[in-house]
Amino acid sequence: MNRKSLIKYFRLIFLLLFSFMLSCGGDDDINVVIIDDEGETPISVDFDIIVSETNTFEISVNNTSTGITGLNSYWQFTENGEVVPDVAGPERHVYTMSGDYLVTLTVEAPDGDIAVSKTVIITGTDEGPALKVATNNTFSMGMAVRSDRLTGSHNAVLVREFNNLTAEFEMKMDQIYKTEGSLDFTAADAIVDYGVANNMDIHGHTLVWHNSIPGWMNNFSGTDEEFETLVKDYITTVMQRYAGKVRSWDVVNEAIEDGSNNLRNSIFRVRMGDDYIQKCYQYARDADPNAILFYNDYNVTFDSGKQSAMFAIVDDLMSNNLIDGVGAQMHIAYDFPSKAQIQSVVDGTVSRGLKMHFAELDIRVNPNNDITSLTEQRAIAQQNKAKEVAEIYNAIPDENKFALTLWGMRDSESWLPAFWGQPEWGLFYNEDFTPKKSHTGLIEGFR
Ligand code: 9MR
């Protein structure tokens, strides 16, 4: 046997040995060193895998091989058999399901391919991928939060599943502006800082809402002009404090009166005039020209009169380029409103070229107070409604998508039971933070 045959013989033995190691499931320390025919260039094939800290479904791989300059190489992540060319720098891959995956880097060497594999364990919910992964990055997954629910299991769910946060109440005027002449940002800052630290967008909710006026402002004894200045200064100060951190704002919330569909006779309307909405959006635009400005309201799917009143407000704002999106609050039930009704508010928003926010999603399962615990049947009905909502949202053109926001995490944390005075299970996580069937419905709808 001459020298060349001897090298080929040893190489064969080596490759067989290597294949055997691969079939054993991969090993973090596999490293191949092959001397080429002339014994000149050592080829060492290896790579690093890092699982993202903020998204456990995302890995980044980096080829650290030596001696392979000029050779083609490619990755396989094994989820769908796809072959991805290896280009310079780290590569990112996002899995859609939890599981153990063999990641393989193959180098096309002159005497045959050299492959190295490593196993990466992707953990997520048993029901499937994280919500923010299931969106395929075409929109954000939002969650209502409170400053005292950002640690422990809340934190784990938030970082795994969400990339957009709305303060459930701590960024409203009655919280920030409790005392005349002094703004208190303690809780709001905690939420914004948490979002920034975790690479999440913050949706500001809400600057002007008839339901969150501090007592002293209701009784304000100054002139109308002074009142208007107060509101302008408030909007300006809050938005500028969070410019670059809070990406979007509900400027005016729920301005339409139930029943009549006229403008509510809130203190803002009384003090600032019928054009108070225009004024507030102008202050907001001036305060942070980069912020995405929304009008947000409820019952605008099935109540066609209210929907028209809302779009009239929106059209007015559009004529002065003061609005970028519509927030349709999704406080719905397992059997109501219909798919067509939900679609109608999407159509009105998309036809105007605006962004659509499905805000404040919860799905009541007990609107008629006919159950005393969450039955299997009702949980499935809730799952189906969640799937329908997700499908409708997913079908929106990408440029009109913004976020779908869930109005709380666990059923026990929802505003619904206290508000309706009866048991409800309107949300997406069980008490132990595991996902409910309604969560699975969302994932199914995004597919
Ligand atoms: O769910 C919120 C609840 O925790 C607060 O106490 C309440 C008052 O700040 O606001 C609730 O959220 C409302 C939202 O801000 C606007 N649309 C209706 C929501 C339910 O009342």
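All values reported here derive from a predicted model rather than from experimental measurement. Remember, it's 1-based here, ligands and their atoms both numbered in the order they're listed.
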Next item on the list: Please determine, by modelled atom types, if N299 and Q307 share a side-chain donor-acceptor pair under 3.5 angstrom.
Entry: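 Result is no, nothing qualifies.
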Next item on the list: Check the side chains of Q329 and D297 for a donor-acceptor pair under 3.5 angstrom, ignoring hydrogens and angles.
Entry: no
If you have a sec, work out which protein heavy atom is nearest [atom] and how many Å separate them, to one decimal?
atom: atom 9 (O) of ligand 1; answer: K172 NZ, 2.8 Å
atom: atom 2 (C) of ligand 1; answer: E168 OE2, 3.4 Å
atom: atom 14 (C) of ligand 1; answer: H205 NE2, 3.4 Å

Note to self: I want to know if ligand 1 touches W415 in the polar sense, i.e. an N/O pair below 3.5 angstrom.
What the structure shows: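 Looking only at distances, the answer is no, because the N/O contact criterion of under 3.5 Å is not met.
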Notebook entry, point to check: When only distance counts, is E360 in polar contact with ligand 1, meaning an N/O pair under 3.5 Å?
Noted result: yes
Note to self: Please determine whether salt bridge (Lys or Arg N to Asp or Glu O under 4.0 Å) holds for the pair E391 and R447, giving the CA-CA distance in whole Å, both sets of side-chain angles, and the decisive distance to 0.1 Å.
What the structure shows: CA-CA 8 Å; E391 274 171 356; R447 283 207 183 109; over 6 Å; no
Check: Can you check whether V159's main-chain N or O pairs, donor with acceptor, with K132's side chain at less than 3.5 Å?
Finding: yes
Next item on the list: Indicate the ring-plane relationship of W75 and F77, choosing parallel, tilted or perpendicular according to the 30° and 60° boundaries.
Entry: parallel
Checklist line | Which segment of N253 sits under 4.0 Å of ligand 1 when only heavy atoms are counted | finding: side chain
Margin query: With a cutoff of 4.0 Å, is Q175 in contact with ligand 1, counting heavy atoms of the residue only?
Written below: no
Next item on the list: Report yes or no: does a heavy atom of E254 sit under 4.0 Å from some atom of ligand 1?
Entry: yes
Next item on the list: For atom CD of E431, decide whether the heavy atoms of other residues, nucleotides or ligands shown that lie under 6.0 angstrom number more than 12.
Entry: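 Correct, the count exceeds 12.
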Notebook entry, point to check: Numbering the atoms of ligand 1 from 1, which are under 4.0 Å from a heavy atom of F169?
Noted result: 9 (O)
Notebook entry, point to check: With respect to atom 12 (O) of ligand 1, which of W209, W407, Y298 exhibits the smallest heavy-atom separation?
Noted result: W407
Next item on the list: Let me see the working for E228 and K279 under salt bridge (Lys or Arg N to Asp or Glu O under 4.0 Å), right down to the final yes or no.
Entry: CA-CA 9 Å; E228 196 168 314; K279 288 178 179 169; 3.2 Å; yes
Margin query: Tell me whether K118 forms a cation-pi arrangement with Y101, defined as NZ or CZ under 6.0 Å from the six-membered ring centre and within 45 degrees of its axis.
Written below: no
Note to self: Under 4.0 Å from atom 6 (O) of ligand 1, can you find at least one protein heavy atom?
What the structure shows: no
